[in-house]
Amino acid sequence: MAKMTEMTTDMAPMGESGYHFAVMRRAIDLVDEMGPQASLEALSERMGMSPAHFQRLFSRWAGVSPKRFQQYLALGHAKALLQEHFSTLETAHAAGLSGSGRLHDLFLRWEAMSPGDYARGGEGLTIRWGWFDSPFGPALVMGTDKGLCGIGFSAETTAEATFEDLQRRWPRAAYVEAPEALRPWAERAFGALDDGGTVPLHLIGAPFQIKVWEALMRIPSGEVTTYSEIARAIGNPGAVRAVGTAVGRNPISLLIPCHRALRKSGGLGGYHWGLPVKRAILAREAAQRDAL
């Protein structure tokens, strides 16, 4: 059992990018709080920056201005996404967005644990972990020798609760704090390192869950789909409720993009790490897509 000593203060920064991530987290909260009527001058003053510097920094990260970004954060924007950027998963797969293709701005490859190994609860497995800055708040990253197996966010909860949440999924594994071993994967995942390298994923779940997670990885960045579309894509259209449960159990948030799954009504639905995090991730992806 890993010890949770001083976890809330042992964040592993990413140099200048880590600083930018912390700034962007504050900026997202502020843009959301102050609303569309807030001027650039008012926002930059609250951020302690000049208007020009804040606009430049934010636009470089989000792809749009702070004022425009607020529109993507609006609660009703999910409905617009569903109407304008609905992803039919068979079409996405036919276009090459599969395990060997380019997925949501990263080259990913993944390997699934065998059902027998999963049933043993991670027994004999060593999982390394570390905390990193991200644009969506402090992020707990976990990985095995084969790749990342967990990413959780603690902005809407606590560091201890986030750790325990992921650890409960593989209770018999050995946990070792080793942020430096995970840093290259984490930096690629959060956009701090763009070296053309891959981000390997180690999917540790039940067979049905893994089918759902693989379907999620066929949703292109900036697009969304519904739980019922995922159920249809995996050949089980009557399993919408079970799909929703599997989406919620996704351990590798952001990279397995469960945030792109919406209710048929266009409602955001739930998000394991808090709806503010889901809104921020969707807003950035949609803004960057529209900025292309």
Side-chain angles (χ1 to χ4, degrees), residues 21-22 24-36 38 58 61-64 66 68-87 104 133-141 150-166 168-169 189-190 209 212-213 216-217 219 221-230 240-290:
F21 286 168
M24 287 304 105
R25 174 62 189 175
R26 287 173 49 216
I28 290 170
D29 289 343
L30 195 58
V31 168
D32 197 21
E33 172 194 331
M34 297 182 70
F58 192 93
W61 176 79
V64 295
R68 177 79 170 123
F69 191 77
Q70 204 283 334
Q71 298 173 24
Y72 291 95
L73 275 175
L75 287 171
H77 186 66
K79 292 183 179 180
L81 275 175
L82 204 56
Q83 293 171 355
E84 299 168 11
H85 297 303
F86 174 76
S87 182
H104 47 83
D133 289 317
S134 89
F136 313 106
L140 174 62
V141 177
I151 297 178
F153 297 104
S154 65
E156 302 300 317
T157 176
T158 65
E160 184 171 10
T162 300
F163 188 93
E164 290 177 351
D165 186 301
L166 288 178
R168 279 198 303 269
R169 299 161 193 254
F190 299 134
Q209 292 174 328
V212 171
W213 300 341
L216 288 170
M217 286 190 285
I219 309 171
S221 181
E223 297 190 13
V224 294
T225 195
T226 61
Y227 300 112
S228 56
E229 166 67 13
I230 295 170
V240 176
R241 187 180 296 273
V243 163
T245 299
V247 169
R249 293 294 295 167
N250 164 35
I252 313 176
S253 54
L254 190 65
L255 300 187
I256 298 178
C258 52
H259 56 275
R260 297 179 191 153
L262 305 178
R263 292 174 177 163
K264 187 178 290 187
S265 65
L268 283 172
Y271 189 63
H272 196 76
W273 307 111
L275 285 181
V277 175
K278 182 173 185 174
R279 288 172 58 213
I281 295 173
L282 282 173
R284 187 195 185 198
E285 290 185 346
Q288 291 185 327
R289 176 194 170 108
D290 291 352

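- Checked by atom type and distance alone, the side chain of Gln288 pairs as donor or acceptor with a backbone atom of Trp61 at under 3.5 Å.
- Taking CZ of Arg260 as the reference point, atom OG of Ser221 lies at 4.5 Å (rounded to 0.5 Å).
- Side-chain atoms of Trp213 come within 3.5 Å of backbone N or O of Ala246 as a donor-acceptor pair.
- In terms of the side-chain contact (heavy atoms from CB on, under 4.5 Å) criterion, Arg241 has no residue partners (sequence neighbours excluded).
- For the pair Val64 and Ala287, the tightest heavy-atom approach, listed with the atom from each and the gap, is CG2-CB, 3.7 Å.
- Residues meeting the ring pair (Phe, Tyr, Trp, His ring centres under 6.0 Å) test with Phe136, sequence neighbours left out: none.
- Across all their heavy atoms, Ile252 and Gly150 have their closest contact at CG1-N, 3.9 Å.
- The aromatic rings of Phe69 and Tyr72 are tilted relative to each other, their planes meeting at an angle between 30° and 60°.
- Atoms CG and CD, on Leu140 and Glu164 in that order, are 11.5 Å from each other to the nearest 0.5 Å.
- Among all heavy-atom pairs drawn from Leu254 and Ala189, the shortest one is CD2-O, 3.8 Å.
- With contacts defined as side-chain heavy-atom distances shorter than 4.5 Å, the pair Val141/Phe190 qualifies.
- Looking at residues two or more places apart in sequence or on another chain, you find no side chain to side chain donor-acceptor pair (under 3.5 Å) involving Asp29.
- The two atoms that bring Ala161 and Thr157 nearest to each other are CB-OG1, 3.2 Å, heavy atoms only.
- The closest donor-acceptor contact from the side chain of Ser134 to the backbone of Gly137 lies under 3.5 Å.
- Once rounded to the nearest 0.5 Å, the distance linking CG of Asp165 with OG of Ser154 reads 11.5 Å.
- Residue pairs meeting the side-chain hydrogen bond (donor to acceptor under 3.5 Å, both in side chains) criterion with at least one member in residues 246-259, sequence neighbours excluded, are His259-Glu285.
- Ile28 and Ala280 get closest at one heavy-atom pair: CG2-CB, 4.0 Å.
- When all heavy atoms of Leu216 and Ala261 are compared, the pair lying nearest together is CD2-CB, 4.2 Å.
- Applying the side chain to side chain donor-acceptor pair (under 3.5 Å) rule to Thr245 yields no partners; only residues at least two apart in sequence or on another chain are considered.
- With rounding to the nearest 0.5 Å, the separation of OG1 in Thr162 from CD1 in Ile151 is 12.5 Å.
- The CG atom of Leu262 lies 6.5 Å from the CG atom of Leu282; values are rounded to the nearest 0.5 Å.
- Arg68 pairs by the salt bridge (charged side-chain N to carboxylate O under 4.0 Å, His left out) definition with nothing, not counting sequence neighbours.
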